[in-house]
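Please read the structure below before turning to the comments.
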Number of protein chains: 2
Amino acid sequence: MTQVDLAPKSCSNCPIRPRAICSRCTDEELNELDKIKYYKTYAAGSSVVLMGDPMTFVASVVAGVATLSRSMADGRMQMVGLLLPSDFIGRPGRETASFDVTAVSELTLCHFHKKPFEKVTQTTSHVQERLIEIALDELDAAREWMLLLGRKTAREKIASFLLICARRLGSREGEGLRLELPLTRDAMSDYLGLTIETVSRQMAALKRDGVLVLEGTRKITIPDLNRLLDEAGDDSDGVTLA
Amino acid sequence: MTQVDLAPKSCSNCPIRPRAICSRCTDEELNELDKIKYYKTYAAGSSVVLMGDPMTFVASVVAGVATLSRSMADGRMQMVGLLLPSDFIGRPGRETASFDVTAVSELTLCHFHKKPFEKVTQTTSHVQERLIEIALDELDAAREWMLLLGRKTAREKIASFLLICARRLGSREGEGLRLELPLTRDAMSDYLGLTIETVSRQMAALKRDGVLVLEGTRKITIPDLNRLLDEAGDDSDGVTLA
DNA sequence: CGGGGGCTTGATGAGACTCAAGAGCGGTGG
DNA sequence: CCACCGCTCTTGAGTCTCATCAAGCCCCCG
């Protein structure tokens, strides 16, 4: 539980500027946002909001990992989004949360009070434009995920998940790729619509088949990215590492 | 193949105004949109756009039903959206289509050339606001659907689908509810992440159990909506007919 | 050393898929 | 008018994937 001071003091040294809601803002607009923002840190495992809660803020993930999920009355649950740094939480114009948001690791958020934020979006087209882009990107991602949930096999699901992680978290290692999984096996199963046992078995199978190398349970190396791409079952047209 | 003239001549008598992209527009703004719009009708079964195609337009569904889907190299496919009248197709700021759009019934679209449409959104905050709302609504719907695809049983999937249809297409019939399904069994299976056989069997089971009454294959009556709600497995908090 | 959390492994079974055949129904043409 | 066709849908039998239930392992920490 390393307590690091992740909260930047001002927007000028903010690590997520390039991708965040404020990426296009002028200095002046940033000042506006600066007035209504506040940072807050959540412990790993803690809940940020629960479905049905009144939503008084929107926020950007500054550091750490959070999940967006929905559960059924009998306890079945499905993760519907993975929130990494620069991702946006909340929706202007809605009073209550439609999903649960949970901190998976220690999590730092840059909050904006909702009311004043809505005022800013109405007057600042830079923010509004970026908001549309973010929403549409998430929509594409959600739909891509629907294909995974509806039609892919367990092995393909795991491979697809690893690819997503590789794209956003991986670093080159020789001709392969190295990354640390942001989720436990349990969270992975929630994300992929599987059980933890199936996740474990398929990870073992991919390891056995040489698609990946495990070091502990979280650190993995992918010797051949194209091999993994095949396993994911996607049309491999133009899919590359960012 | 009844060829009806569904295309309104102008926005003033447009059936989808209240929900469409232009719902908040002033008369003046409507005139702007009017200049760049054109209607077009597609035959049932025909393709509107294919994934990867250059997207030169955006559009609203005026009449009929279309589907948004994605398929894998080996033919598996998953529908990721159902487009009913007033729904929006396309995304400003993207060059190529990310999904296939197919007309399921005869379909009339209100098209806007993309370039000029983008110019309008940049200057007309009414359109931009509505676009955000629509995108976020679809995102919510997509995430709801992820729960269905990842965690629900075949029976629950069918019940959930019928509920969605009932909400948007149903009409009261005594104390029950009557509707005509907008999709074939085959399209239903694509939507629900099932096979056509499973859809057929579960429809038969729901009929056998008295949850619904079938008249032919498309016309159904739901005697007791709460019964159907139970079958769908949703938290039934506050779910009502629109 | 004991305990707990996260993970793995094994045995079993259920739910959904696959393959295959046939029923219902509207259209077409002899 | 009826036979035939094509299409959608239904039904049945067998199979397979993944969920469930149940131990047990590994590793860290007290």
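So you know, we letter chains A, B, ... as the sequences are listed, proteins then strands, and number each from 1.
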Touch class at under 4.0 angstrom, heavy-atom based, for A/Gly216 against every strand present: nothing
B/Val101: which of B/Thr67, B/Leu107, B/Leu83, B/Leu50 passes side-chain contact (heavy atoms from CB on, under 4.5 Å): B/Leu83
Distance, rounded to the nearest Å, where A/Arg155 contributes CZ and D/dA19 contributes C1': 19 Å
Spacing of A/Lys207 atom NZ relative to C/dT8 atom P, expressed in whole Å: 8 Å
B/Arg143 side chain reached by A/Glu138 side chain, heavy atoms, under 4.5 Å: yes
Candidate nucleotides C/dC17, C/dT9, D/dT10, ranked by approach to the side chain of B/Arg201 - the nearest: C/dC17
B/Arg218 side chain, from C-beta outward: closest of D/dC9, C/dA16, C/dT18: D/dC9
Polar pair under 3.5 Å, donor/acceptor by atom type, side chain A/Gln202, base D/dC18: no
Residue whose closest nucleotide on DNA chain D lies nearer the 5' end, B/Ile196 versus A/Val199: B/Ile196
OP1 or OP2 of D/dT8 under 4.0 Å from side-chain N/O of B/Thr184: no
Whether A/Trp145 and A/Tyr191 hold their rings parallel, tilted or perpendicular, with breakpoints at 30° and 60°: parallel
Closest listed nucleotide, where the reference is the side chain of A/Arg185 and the choices are C/dC7, D/dT20, C/dT9: C/dC7
Any side-chain donor near an acceptor of the partner, B/Thr221 and B/Arg178, under 3.5 Å: yes
Min side-chain heavy-atom separation B/Glu231-B/Ile158 under 4.5 Å: no
Atom-pair distance (CD on A/Glu197; C1' on C/dA11), nearest Å: 12 Å
Length of the CG-P vector between B/Asp74 and C/dT18, whole Å: 10 Å
Touch class at under 4.0 angstrom, heavy-atom based, for A/Ser200 against every strand present: base
Side chain of A/Thr198 - closest among D/dA19, C/dC7, C/dC17: D/dA19
Most 5' of A/Arg151 and A/Ala204 on DNA chain C, judged by nearest nucleotide: A/Ala204
Nearest-Å distance for atom pair CG/P, residues A/Leu206 and C/dC7: 16 Å
Whole-Å gap separating C1' (C/dA16) and CD1 (B/Ile158): 12 Å
B/Glu215 CD - C/dC25 P separation (whole Å): 12 Å
